[in-house]
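Some notes on the structure that comes next.
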Amino acid sequence: MSAFRYELEPVDESYFESAPMRWRVGLELAAGPDEVWAELTSPRPLSWCRALGDVHYTTEPPHGVGTIRQARILGAYRMLEHFFRWDEGERRKSFYATEGTLPLFGSFAEDYHVLPFAGGSKLVWSFAFTPWQGLDSALQLGRPLTESMLASLVKDTRAHFGPLTEVR
């Protein structure tokens, strides 16, 4: 039996503007855009983030649209992710989750966009989700935990790539 028992709804790029819960963080990084992109597309992306225990692709390279990735979040929750956008030239990729191990989300998506920036690069990292039906109130109450986890991702990314300034 698969650990992924809960299906999530697919989304497209418009979801980052329409989802009921959305965060967008702009990180000005000391590392150049090619280095940041290479790390985000490496076999073990986001390995520097303590909240993410294991993130790896389950499809063989070369990666692009249709790539599948598996992620473990906070040690207990696992998610299967489908990349619906992958643009090497723009250094941009987006996924939506297709399955999860717990009924937390109806839909979940992330977008990574790496841009050139004076002295380094800018990573625009977007998160969007719809709570699982009936969990709206619980996830609203859990908003501080969500924001704390996102702050941890930002802090770990800052430590990994060097000094940065956070802008919203």
Side-chain angles (χ1 to χ4, degrees), residues 2-4 6-74 77-101 104-118 120-130 146 149-150 152-154 156-162 164 166-168:
S2 171
F4 299 103
Y6 300 95
E7 290 186 26
L8 285 78
E9 293 294 319
V11 300
D12 61 23
E13 60 275 353
S14 67
Y15 188 67
F16 295 104
E17 303 302 325
S18 65
M21 301 190 86
R22 303 181 300 271
W23 287 267
R24 179 171 290 137
V25 180
L27 304 173
E28 296 170 6
L29 306 172
D34 290 338
E35 180 183 345
V36 174
W37 181 249
E39 293 266 356
L40 288 172
T41 58
S42 73
R44 295 287 180 182
L46 305 168
S47 62
W48 60 87
C49 294
R50 292 170 291 148
L52 305 174
D54 181 29
V55 178
H56 64 275
Y57 299 102
T58 61
T59 39
E60 295 295 320
H63 296 127
V65 171
T67 291
I68 305 297
R69 189 172 80 176
Q70 189 175 119
R72 183 180 302 273
I73 300 104
L74 297 175
Y77 184 70
R78 286 193 302 149
M79 184 181 287
L80 208 55
E81 305 163 344
H82 170 87
F83 283 86
F84 64 89
R85 173 173 34 203
W86 193 298
D87 188 322
E88 293 283 339
E90 281 194 36
R91 294 184 202 96
R92 188 169 195 176
K93 62 181 187 167
S94 308
F95 74 81
Y96 60 80
T98 59
E99 298 177 62
T101 55
L104 297 178
F105 307 107
S107 299
F108 181 94
E110 284 184 38
D111 178 71
Y112 310 84
H113 193 184
V114 182
L115 302 161
F117 193 79
S121 63
K122 183 172 186 174
L123 169 60
V124 180
W125 197 350
S126 301
F127 304 83
F129 69 86
T130 302
T146 301
M149 189 181 100
L150 295 177
S152 169
L153 297 176
V154 167
D156 292 346
T157 301
R158 175 184 292 129
H160 183 73
F161 287 111
L164 60 87
E166 180 181 349
V167 294
R168 293 187 182 251

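We number each residue from 1, following the sequence as shown. Predicted model, so just to flag it, every value in this text is computed and none were measured. For the numbers below, each heavy atom of this structure counts, side chains included, while hydrogens, waters and symmetry mates do not.
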Test of understanding: with side chain to side chain contact (heavy atoms under 4.5 Å, CB included), list the residues that count as partners of [X], not counting sequence neighbours.
X     : result
Thr98 : Leu80, His82, Tyr96
Ala19 : Tyr15, Arg22, Ala128
Glu39 : Trp48, His160, Phe161
Asp54 : Arg44, His56, Arg72

What's the separation between atom [atom1] in [X] and atom [atom2] in [Y], rounded to the nearest 0.5 Å?
X      : Y      : atom1 : atom2 : result
Arg24  : His113 : CZ    : NE2   : 11.0 Å
Tyr6   : Thr101 : OH    : OG1   : 9.0 Å
Leu115 : Leu123 : CG    : CG    : 8.5 Å
Glu7   : Glu99  : CD    : CD    : 6.0 Å
Tyr77  : Leu104 : OH    : CG    : 5.0 Å
Glu81  : Thr58  : CD    : OG1   : 9.5 Å

* **Ser47/Val55 under side chain to side chain contact (heavy atoms under 4.5 Å, CB included): CA gap, chis, key distance, verdict** => CA-CA 7 Å; Ser47 62; Val55 178; over 6 Å; no
Which heavy atom in [X] sits nearest to a heavy atom in [Y], and how many Å separate them?
X      : Y      : answer
Gly100 : Leu8   : N-CD1, 3.6 Å
Trp37  : Val114 : CE3-CG2, 4.1 Å
Tyr112 : Leu46  : OH-CD1, 3.5 Å
Ala51  : Met149 : CB-CG, 3.9 Å
Pro45  : Ser42  : CD-O, 3.0 Å
Val25  : Leu27  : CG1-CD2, 3.5 Å

Restricting to salt bridge (charged side-chain N to carboxylate O under 4.0 Å, His left out), what partner residues turn up for [X], sequence neighbours left out?
X     : value
Arg92 : Asp111
Arg50 : Asp156
Asp34 : Arg91

Identify each donor-acceptor pair in which a side-chain atom of residues 60-67 lies under 3.5 Å from a protein atom, sequence neighbours left out, and give them as a table.
{"residue": "His63", "atom": "NE2", "partner": "Thr59", "partner atom": "O", "Å": "3.0"}
{"residue": "Thr67", "atom": "OG1", "partner": "Gly64", "partner atom": "N", "Å": "2.8"}
{"residue": "Thr67", "atom": "OG1", "partner": "Gly64", "partner atom": "O", "Å": "2.8"}

* To do: Return the set of residues passing side-chain hydrogen bond (donor to acceptor under 3.5 Å, both in side chains) with Ser14 (not counting sequence neighbours), or none when no residue passes.
  => Asp12
* **Side-chain donor/acceptor of Thr130 to backbone N/O of Gly106, under 3.5 Å** => no
* Do any N or O atoms from the side chain of Ser121 and from the backbone of Ala31 form a donor-acceptor pair under 3.5 angstrom? -> yes
* Have a look at Trp23 and tell me which of Phe16, Phe129, Phe108 forms a ring pair (Phe, Tyr, Trp, His ring centres under 6.0 Å) with it. => Phe129
* To do: Begin from the C-alpha positions of Leu40 and Trp125 and carry the test side chain to side chain contact (heavy atoms under 4.5 Å, CB included) through to its verdict.
  => CA-CA 11 Å; Leu40 288 172; Trp125 197 350; over 6 Å; no
* Kindly check if the number of other-residue, nucleotide or ligand heavy atoms within 6.0 Å of CD (Glu13) is above 12? => yes
* What pairs with Phe83 under ring-ring contact (aromatic ring centres under 6.0 Å, His included), at least two apart in sequence or on another chain? -> Trp86, Phe95
* CA sep, side-chain torsions, deciding dist, call: Lys93, Arg69, side chain to side chain contact (heavy atoms under 4.5 Å, CB included) -> CA-CA 12 Å; Lys93 62 181 187 167; Arg69 189 172 80 176; 3.8 Å; yes
